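The residues of the chain are indexed from 1 along the displayed sequence. Predicted, not measured: the structure shown is a model, and the values here were computed from it.
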Amino acid sequence: MLAKCLNVFQALVFTFVLDYICGALIPEPEVKIDVLQKPFLCYRKSKLGDRLLIHYTGFFENGTKFYSSHEQNNGEPVWFILGIKESLIGWDKGLREMCTGEKRKLIIPPALAYGKEGRGKIPPESTLIFEIELFEIKSGPRSHDSFQEMDLNDDWKLSRQEVKEYLRSEFEKYGVAQNDTQQETMMNDIFKNEDEDNDGYISAREFTYKHDEL
């Protein structure tokens with residue numbers, strides 16, 4: 001869990017290339033979404049960049065189950081960041097505008113799943129079906145709320161010390177032993193990738209705006 005959270009900075013996975021299909025000659029396949037359960041009240045809907053706590057079960061078209069978080073992962077739900085290709089593109093498309101307590105069935109065509117190559121027990125060109133229940137929504141690491149949480153002196157820029165404090169808190173939150181050398185290396189990588197003007201700070205603009213590396 002810690003690695004997923006911290007690699008957000010290192011790998012620049014928050015490069016939301018949301019328009020890469022625009023202008024394509026062949027229409028992109030769509031995810032079929034069936035709402036199986038919806039809460040009476042919806043106080044917040046999921047959006048790109050949010051962290052979602054979900055339980056999910058995956059099936060092949062013939063009804064054979066190939067995975068269930070209820071049975072794996074010690075039966076615990078899993079966190080997933082929406083919109084950064086952390087899992088399937090079909091998930092990024094099919095879990096938007098979802099309410100806490102909502103349950104959906106997604107039918108994902110191969111092009112938005114594992115495509116021609118497949119993966120592990122997933123054969124090539126497989127259409128996958130997922131039943132997904134959303135338990136909690138949190139602001140993702142690229143959110144304005146997250147920036148404010150990290151910006152300890154409210155000067156709208158992140159110093160090395162502020163980023164160091166954030167890394168320490170993340171290590172502590174997930175029960176990982178503090179490692180000054182590792183944290184220093186990670187912080188150097190963060191500033192190398194994020195501090196575009198090399199002024200020694202990560203500004204709100206540098207933190208929030210998407211990058212173009214991917």
Side-chain angles (χ1 to χ4, degrees), residues 1-24 28 43-54 78-98 100 112 134 136-214:
M1 177 63 70
L2 176 66
K4 287 184 179 179
C5 185
L6 299 181
N7 283 342
V8 164
F9 286 108
Q10 295 173 295
L12 297 176
V13 293
F14 281 92
T15 312
F16 294 139
V17 189
L18 302 179
D19 301 320
Y20 70 100
I21 291 298
C22 293
E28 181 186 11
Y43 297 101
R44 177 177 178 178
K45 293 184 178 181
S46 60
K47 64 182 185 300
L48 297 177
D50 281 342
R51 297 176 63 215
L52 311 182
L53 183 64
I54 61 173
V78 297
W79 285 102
F80 163 73
I81 301 177
L82 184 63
I84 63 169
K85 301 180 184 178
E86 184 176 315
S87 184
L88 303 180
I89 297 177
W91 278 25
D92 286 341
K93 293 180 173 294
L95 300 182
R96 302 179 190 181
E97 296 291 308
M98 193 172 180
T100 301
L112 301 179
L134 176 58
E136 187 175 353
I137 302 172
K138 288 188 176 181
S139 297
R142 276 289 191 201
S143 71
H144 179 69
D145 290 341
S146 295
F147 181 87
Q148 288 188 310
E149 180 181 348
M150 296 171 66
D151 183 19
L152 300 177
N153 60 0
D154 295 323
D155 63 354
W156 291 92
K157 58 185 179 182
L158 302 180
S159 67
R160 294 179 68 88
Q161 184 60 38
E162 286 171 327
V163 173
K164 181 182 293 186
E165 289 300 320
Y166 171 76
L167 294 177
R168 286 185 178 279
S169 68
E170 291 298 296
F171 271 62
E172 182 177 350
K173 181 189 301 181
Y174 296 108
V176 178
Q178 298 290 338
N179 185 317
D180 290 339
T181 300
Q182 182 183 15
Q183 291 173 15
E184 186 71 23
T185 299
M186 294 175 69
M187 185 171 62
N188 289 337
D189 287 343
I190 288 168
F191 274 84
K192 179 181 178 181
N193 290 321
E194 302 291 319
D195 182 15
E196 295 176 348
D197 58 9
N198 295 312
D199 68 347
Y201 295 91
I202 299 173
S203 67
R205 183 195 65 80
E206 290 169 331
F207 183 88
T208 305
Y209 283 14
K210 67 182 181 183
H211 297 259
D212 299 318
E213 285 86 352
L214 295 183

With sequence neighbours excluded, tell me which residues meet salt bridge (Lys or Arg N to Asp or Glu O under 4.0 Å) with Lys45.
none
Only counting residues at least two apart or in another chain, list the ones meeting salt bridge (Lys or Arg N to Asp or Glu O under 4.0 Å) with Asp180.
Arg168
Contacts of Tyr201 that satisfy side-chain contact (heavy atoms from CB on, under 4.5 Å) - sequence neighbours left out:
Lys157, Ser159, Asp199
Could you give the distance from [atom1] ([X]) to [atom2] ([Y]), rounded to the nearest 0.5 Å?
| X | Y | atom1 | atom2 | answer |
| --- | --- | --- | --- | --- |
| Glu194 | Asp189 | CD | CG | 11.0 Å |
| Trp79 | Asp50 | CH2 | CG | 10.0 Å |
| Ser203 | Asp155 | OG | CG | 10.5 Å |
| Ser46 | Arg96 | OG | CZ | 9.5 Å |
| Ile190 | Ile202 | CD1 | CD1 | 6.5 Å |
| Leu152 | Leu158 | CG | CG | 8.5 Å |

Does the side chain of Glu162 come within less than 4.5 Å of Asp151's, by heavy atoms?
yes
Evaluate the side-chain proximity of Val78 to Ile54: yes if any heavy-atom separation is below 4.5 Å, no if none is.
yes
Yes or no on side-chain contact (heavy atoms from CB on, under 4.5 Å) for Leu82 and Asp92, after CA distance, side-chain angles and deciding distance?
CA-CA 5 Å; Leu82 184 63; Asp92 286 341; 4.0 Å; yes
For [X], enumerate each residue passing the side chain to side chain donor-acceptor pair (under 3.5 Å) test, keeping only those at least two apart in sequence or located in another chain.
| X | answer |
| --- | --- |
| Glu165 | Gln161 |
| Asp154 | none |
| Lys164 | none |

Which atom pair, heavy atoms only, marks the closest approach of [X] to [Y]?
| X | Y | result |
| --- | --- | --- |
| Ser87 | Phe80 | CB-CE1, 3.7 Å |
| Arg160 | Met187 | O-SD, 3.0 Å |
| Leu134 | Met98 | CD2-O, 3.7 Å |

Let me know which of Arg51, Arg44, Lys47 forms a side-chain contact (heavy atoms from CB on, under 4.5 Å) with Ile137.
Arg44
